[in-house]
Amino acid sequence: MTAPDARPALNFIQEIIAEDLKTNKWDGRVHTRFPPEPNGYLHIGHAKSICLNFGLADEFGGLCNLRFDDTNPIKEEQEYIDSIIEDVRWLGFDWKDRLYYGSDYFEQMYEWAVQLINAGKAYVCDLTPEQTRQYRGTLTTPGKDSPYRTRSVDENLDLFERMRAGDFPDGSRTLRAKIDMASPNLNMRDPVMYRVLRARHHRTGDKWCIYPMYDWAHALEDSIEGITHSICTLEFENHRPLYDWFLDELGVYHPQQIEFARLELTYTIMSKRRLLELVDGGHVCGWDDPRMPTISGMRRRGYTPESIRTFCKRIGVAKFNSTVDIAKLEHAVREDLNKRAPRVMGVLHPLRVVIDNYPEHQVEELDAVNNPEDPGMGTRKVPFSRVLYLERDDFREDPPKKFFRLAPGREVRLRYAYYITCTGMVKDEQTGEVVELHCTYDPAPRGGDSPDGRKVKATLHWVSAAHAVGAEVRLYDHLFTKADPGDVEAGQDYKSNLSPNSLEVLTHCKVEPGLAGAAPGTRYQFERNGYFCVDPDSSADRLVFNRTVTLRDAWARIEKAQMAQEKSGES
RNA sequence: UACCCGGUGGUGUAAUCGGUAACACACCAGGUUUUGGUCCUGGCAUUCCUGGUUCGAGUCCAGGCCGGGUAGCCA
């Protein structure tokens with residue numbers, strides 16, 4: 001249909017911008033903003049918005065501001081501001097000198113509020129929060145006018161000034177826009193613009209005891225900054241008429257608000273409230289727990305900013321509420337790490353193996369390729385000796401069909417080393433568990449194939465017992481057992497779907513000696529296992545790795561299918 | 001029950017403002033392979049429904065069905 005070299009498809013927002021550029025609607029400018037409230041850590045859903053806003057500016061030669069929407073001092077903290085700045089920067093975006101705070105505009109907002117009062121478009125209301133709610137009406141019934149709606153301009157001016165001066169207790173009065181209490185859009189039923197609130201603001205301190213509401217503040221912030229396209233999520237769609245009303249009544253510069261669907265991921269929750277609950281409730285080890293969908297958690301887990309950006313690009317932008325398969329995210333990291341992560345050998349569940357015919361004290365330094373995808377990454381030496389550790393899962397005393405790794409009498413290749421044949425095993429007398437294997441090796445294939453053309457069906461990773469470095473490895477799985485964590489029995493909440501297996505700590509892993517002292521943040525592929533990243537908990541004498549994601553595992557699938565078949569065969 | 005917004009394969013998007021459904025992920029089946037990785041090949045769709053306009057509709061119109069959002073002095 002479409003020519004293979006057709007121009008990349010534009011999402012609906014890009015189309016709007018392209019059209020605006022064509023008609024010169026904004027004098028050729030494109031100016032977006034990412035406006036987080038500093039009341040929590042950024043997550044992958046925010047990454048979508050960040051990539052969208054900064055990406056749009058980049059694609060169309062425009063600008064994107066980083067702006068903190070800090071109008072509610074009760075929930076906001078400096079810690080969050082710091083983390084947000086770090087995360088956006090880590091994702092690879094640059095706002096240059098355009099770091100703004102909504103609170104910096106409080107004075108201007110106040111003046112504009114006075115302007116609206118003077119125009120008879122805003123009034124001070126003495127209704128209690130409870131009364132305000134009652135007067136608002138319901139979804140299906142109109143509201144009714146506040147008895148304070150007809151106050152004179154002078155009285156409103158005086159009252160509003162005294163609200164600011166702190167003459168009234170918290171919650172006692174509000175400044176409201178005078179619009180239409182019968183509007184079918186509840187946001188237009190005389191929305192509150194200011195509330196009296198004595199709370200110390202993280203930036204303005206005690207200067208203010210009235211704070212602007214989102215709708216009022218956000219439109220003004222966008223206007224002040226000369227934003228052209230104010231992009232937000234779908235739940236603000238009903239707020240757009242209000243956004244427009246404020247700006248029109250004020251007669252000030254008026255950006256266009258555009259709404260898109262926020263990101264949802266399978267096996268993941270994205271609400272800041274719930275993520276905070278997981279942190280506070282000790283269900284995870286903090287905002288940067290590698291199981292969290294937070295940017296900081298993903299960073300610690302080993303995700304690359306590039307892979308997150310690629311993911312955000314691929315999921316697209318639309319107005320339909322959808323849930324993306326987390327496999328798509330995992331694919332993006334694998335793809336990126338496959339190209340850049342150096343390969344090493346690491347044994348997660350060590351099984352001691354003695355090569356009986358290998359010289360007792362001999363050690364050979366074998367050549368290993370650092371990344372078959374990138375020859376430029378070179379090679380390294382890996383020590384081989386008589387006693388090795390192999391992965392427990394790579395040996396089966398009684399191998400099932402299609403299992404072609406090590407088993408009694410079987411021959412396999414050791415990566416970059418020799419062919420070995422299993423000749424015997426030692427079992428724990430109590431448990432019957434295999435605790436050691438005995439093998440013989442054939443020196444001929446050293447590093448490659450056997451000269452006699454003999455084939456083996458498996459190549460296993462290994463480490464030399466005498467040279468290996470001990471490591472702790474943390475294996476992560478989905479935080480929730482259900483694709484939709486919100487799918488719960490009556491009376492339960494999402495926490496009942498928390499997975500008991502989301503974290504497995506392995507403390508006796510063995511990795512090749514070259515990994516000693518690896519710096520936190522360094523990423524590797526443990527061959528045949530997955531991608532791993534050195535955790536900040538790691539130190540010179542204690543290596544700690546996080547598993548970012550497993551490798552695709554064909555055998556695991558086969559085995560799973562076999563078990564499913566057996567099960568259905570039984571019944 | 002009111003208003004607003006949506007509805008394309010298992011999932012997420014695309015289809016150059018009517019021209020005969022594409023890409024990615026997932027899944028399945030093969031091939032290559034010193035990672036059962038990567039890579040390569042193939043398989044998997046009557047666009048929510050019903051009418052209408054048209055030579056032609058995923059795109060336009062009408063009605064219906066389904067889903068999401070909204071009753072904070074949160075954002």
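In what follows, every chain begins at residue 1, and chains take the letters A, B, ... in the order their sequences are listed. Note that the structure is a prediction, hence the values are computed from the model and not measured.
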**Student:** Nearest to the side chain of R136(A), which nucleotide is it out of C73(B), C4(B), A75(B)?
**Tutor:** C73(B)

**Student:** Which listed nucleotide (A14(B), G69(B), C73(B)) is nearest to the side chain of A9(A)?
**Tutor:** A14(B)

**Student:** Cut-off 3.5 Å, side chains only: do T459(A) and R413(A) have a donor facing an acceptor?
**Tutor:** yes

**Student:** Any N or O donor-acceptor pair under 3.5 Å from the base of G6(B) to the side chain of E237(A)?
**Tutor:** no

**Student:** What interatomic distance, in whole Å, is found between C1' of G72(B) and the corresponding atom of C49(B)?
**Tutor:** 39 Å

**Student:** Does S322(A) have a side-chain nitrogen or oxygen under 4.0 Å from the phosphate oxygens OP1 or OP2 of U11(B)?
**Tutor:** no

**Student:** So does R173(A) get a side-chain nitrogen or oxygen closer than 4.0 Å to the phosphate oxygens (OP1/OP2) of C73(B)?
**Tutor:** no

**Student:** Heavy atoms under 4.0 Å, any strand shown: does P372(A) hit a base, just sugar-phosphate, or nothing?
**Tutor:** base

**Student:** Mind checking if K272(A) touches a base, just sugar-phosphate, or nothing, with heavy atoms under 4.0 Å?
**Tutor:** nothing

**Student:** Would you please confirm or rule out a distance under 4.0 Å between OP1 or OP2 of U38(B) and any side-chain N or O of R552(A)?
**Tutor:** yes

**Student:** Looking across every strand, which nucleic acid part, if any, lies under 4.0 Å from N238(A) by heavy atom: base, sugar-phosphate, or nothing?
**Tutor:** base

**Student:** With a non-hydrogen cut-off below 4.0 angstrom, is Y194(A) in contact with a base, only sugar-phosphate, or nothing?
**Tutor:** nothing

**Student:** If you look at every strand shown and take non-hydrogen atoms under 4.0 Å, does H239(A) touch a base, only sugar-phosphate, or nothing?
**Tutor:** base

**Student:** For E259(A), which contact category applies under a 4.0 Å heavy-atom criterion: base, sugar-phosphate, or nothing?
**Tutor:** nothing

**Student:** Measure from CZ on R195(A) to P on G72(B) and round the result to the nearest Å.
**Tutor:** 14 Å

**Student:** Looking for any heavy atom pair under 4.0 Å, which part of the strands does S183(A) touch: base, sugar-phosphate only, or nothing?
**Tutor:** nothing

**Student:** Please determine which of Y80(A), Y101(A), F34(A), Y100(A) meets the ring pair (Phe, Tyr, Trp, His ring centres under 6.0 Å) test together with F68(A).
**Tutor:** Y101(A)

**Student:** If only side-chain N and O atoms of H461(A) are considered, is one of them under 4.0 Å from the OP1 or OP2 phosphate oxygen of U35(B)?
**Tutor:** no

**Student:** Distance only, no hydrogens: is a donor on one side chain within 3.5 Å (strictly under) of an acceptor on the other, for N39(A) and E37(A)?
**Tutor:** yes

**Student:** Please state the C1' separation for the pair G6(B) and U47(B) - nearest whole angstrom.
**Tutor:** 15 Å

**Student:** Distance between the P atoms of A15(B) and G7(B), in whole angstroms?
**Tutor:** 12 Å

**Student:** Now, which nucleotide makes the Watson-Crick or G-U wobble pair with G67(B), with each of the two distances under 3.5 Å?
**Tutor:** C5(B)

**Student:** With salt bridge (Lys or Arg N to Asp or Glu O under 4.0 Å) as the criterion, how do R33(A) and E221(A) come out once you've worked through the C-alpha distance, each side chain's angles and the decisive distance to 0.1 Å?
**Tutor:** CA-CA 10 Å; R33(A) 100 267 96 114; E221(A) 291 161 11; over 6 Å; no

**Student:** Check whether any side-chain N or O of T459(A) sits under 4.0 Å from OP1 or OP2 of U33(B), and answer yes or no.
**Tutor:** no

**Student:** Applying a 4.0 Å non-hydrogen cut-off, can you work out what N338(A) is touching in the nucleic acid: base, sugar-phosphate, or nothing?
**Tutor:** base

**Student:** For D336(A) and G37(B), give me the distance from atom CG to atom P, rounded to whole Å.
**Tutor:** 20 Å

**Student:** Of the options C73(B), U1(B), A75(B), whose atoms approach the side-chain atoms of T140(A) most closely?
**Tutor:** U1(B)

**Student:** Select one nucleotide: of A24(B), C28(B), G72(B), the one nearest the side-chain heavy atoms of R314(A).
**Tutor:** A24(B)

**Student:** Between the base of A24(B) and the side chain of K328(A), is there a donor-acceptor distance below 3.5 Å?
**Tutor:** yes

**Student:** When the distance from CD1 of I326(A) to P of C25(B) is rounded to whole Å, what number comes out?
**Tutor:** 17 Å

**Student:** When the distance from CZ of F311(A) to P of A24(B) is rounded to whole Å, what number comes out?
**Tutor:** 17 Å

**Student:** Salt bridge or not for D452(A) and R454(A), using N-O below 4.0 Å?
**Tutor:** yes

**Student:** When you measure from the side chain of K319(A), which nucleotide among U1(B), C5(B), U70(B) comes out closest?
**Tutor:** C5(B)

**Student:** For the pair made of CD in E330(A) and C1' in A24(B), what is the distance, rounded to whole Å?
**Tutor:** 15 Å

**Student:** Distance between the C1' atoms of G51(B) and G10(B), in whole angstroms?
**Tutor:** 31 Å

**Student:** Can you tell me how far C1' in U53(B) sits from the matching atom in G42(B), rounded to whole Å?
**Tutor:** 41 Å

**Student:** In whole Å, what separates the C1' atom of U59(B) from that of G52(B)?
**Tutor:** 15 Å

**Student:** Considering only side-chain heavy atoms of V324(A), which listed nucleotide, G12(B), U1(B), G72(B), is closest?
**Tutor:** G12(B)

**Student:** If you draw the axis of the six-membered ring of Y123(A), does the NZ or CZ of R151(A) fall within 45° of it and under 6.0 Å from the ring centre?
**Tutor:** no

**Student:** Determine whether a donor-acceptor pair (N or O, by modelled atom type, separation under 3.5 Å) exists between the side chain of D222(A) and the backbone of P255(A).
**Tutor:** no

**Student:** Whole angstrom is fine here: how far is it from CZ in F526(A) over to P in G36(B)?
**Tutor:** 17 Å

**Student:** Closest to the A327(A) side chain: A26(B), C27(B), U35(B)?
**Tutor:** A26(B)

**Student:** Among G72(B), A75(B), A2(B), which is the nearest nucleotide to the side chain of R133(A)?
**Tutor:** G72(B)

**Student:** Atom CG of D215(A) and atom P of C74(B): how far apart are they, to the nearest Å?
**Tutor:** 12 Å

**Student:** Quick one: label R405(A) by what it contacts on the DNA or RNA (base, sugar-phosphate, nothing), any heavy atom closer than 4.0 Å.
**Tutor:** base

**Student:** Paired with U47(B) by Watson-Crick or G-U wobble geometry, both distances under 3.5 Å: which nucleotide is it?
**Tutor:** none

**Student:** Touch check for I315(A), heavy atoms < 4.0 angstrom, all strands: base, sugar-phosphate only, or nothing?
**Tutor:** sugar-phosphate

**Student:** Tell me: CD of E15(A) to P of C17(B), nearest whole Å?
**Tutor:** 10 Å

**Student:** Reckon Y531(A) touches a base, only the sugar-phosphate, or nothing at all at heavy-atom distances under 4.0 Å?
**Tutor:** nothing

**Student:** Which one of Y214(A), F106(A), F160(A) satisfies the ring pair (Phe, Tyr, Trp, His ring centres under 6.0 Å) criterion with Y194(A)?
**Tutor:** F160(A)

**Student:** Under 4.0 Å between any heavy atoms, over every strand shown, what does Y211(A) touch: base, sugar-phosphate, or nothing? Just pick one.
**Tutor:** nothing

**Student:** Apply salt bridge (Lys or Arg N to Asp or Glu O under 4.0 Å) to residues E277(A) and R274(A) and explain how you reach the verdict.
**Tutor:** CA-CA 5 Å; E277(A) 193 179 15; R274(A) 287 174 171 179; 5.8 Å; no

**Student:** Give P212(A) one of three labels, base, sugar-phosphate or nothing, depending on what nucleic acid heavy atoms sit under 4.0 Å from its own.
**Tutor:** sugar-phosphate

**Student:** Below 4.0 angstrom from OP1 or OP2 of G68(B), is there any side-chain N or O of R262(A)?
**Tutor:** no

**Student:** Can you check the distance between U50(B) and U16(B), where both ends of the measurement are the C1' atom (answer in whole Å)?
**Tutor:** 31 Å

**Student:** Over all strands shown, is L414(A) touching base, sugar-phosphate only, or nothing at heavy-atom distances under 4.0 angstrom?
**Tutor:** nothing

**Student:** Is there a ring pair (Phe, Tyr, Trp, His ring centres under 6.0 Å) between F526(A) and F545(A) once you walk through the steps?
**Tutor:** CA-CA 11 Å; F526(A) 285 8; F545(A) 290 94; 5.1 Å; yes

**Student:** From C-beta outward on R528(A), which listed nucleotide comes closest to its side chain: A2(B), U35(B), A75(B)?
**Tutor:** U35(B)

**Student:** I want to verify a distance call: between A75(B), C27(B), G7(B), whose nearest atom is closest to the F320(A) side chain?
**Tutor:** G7(B)

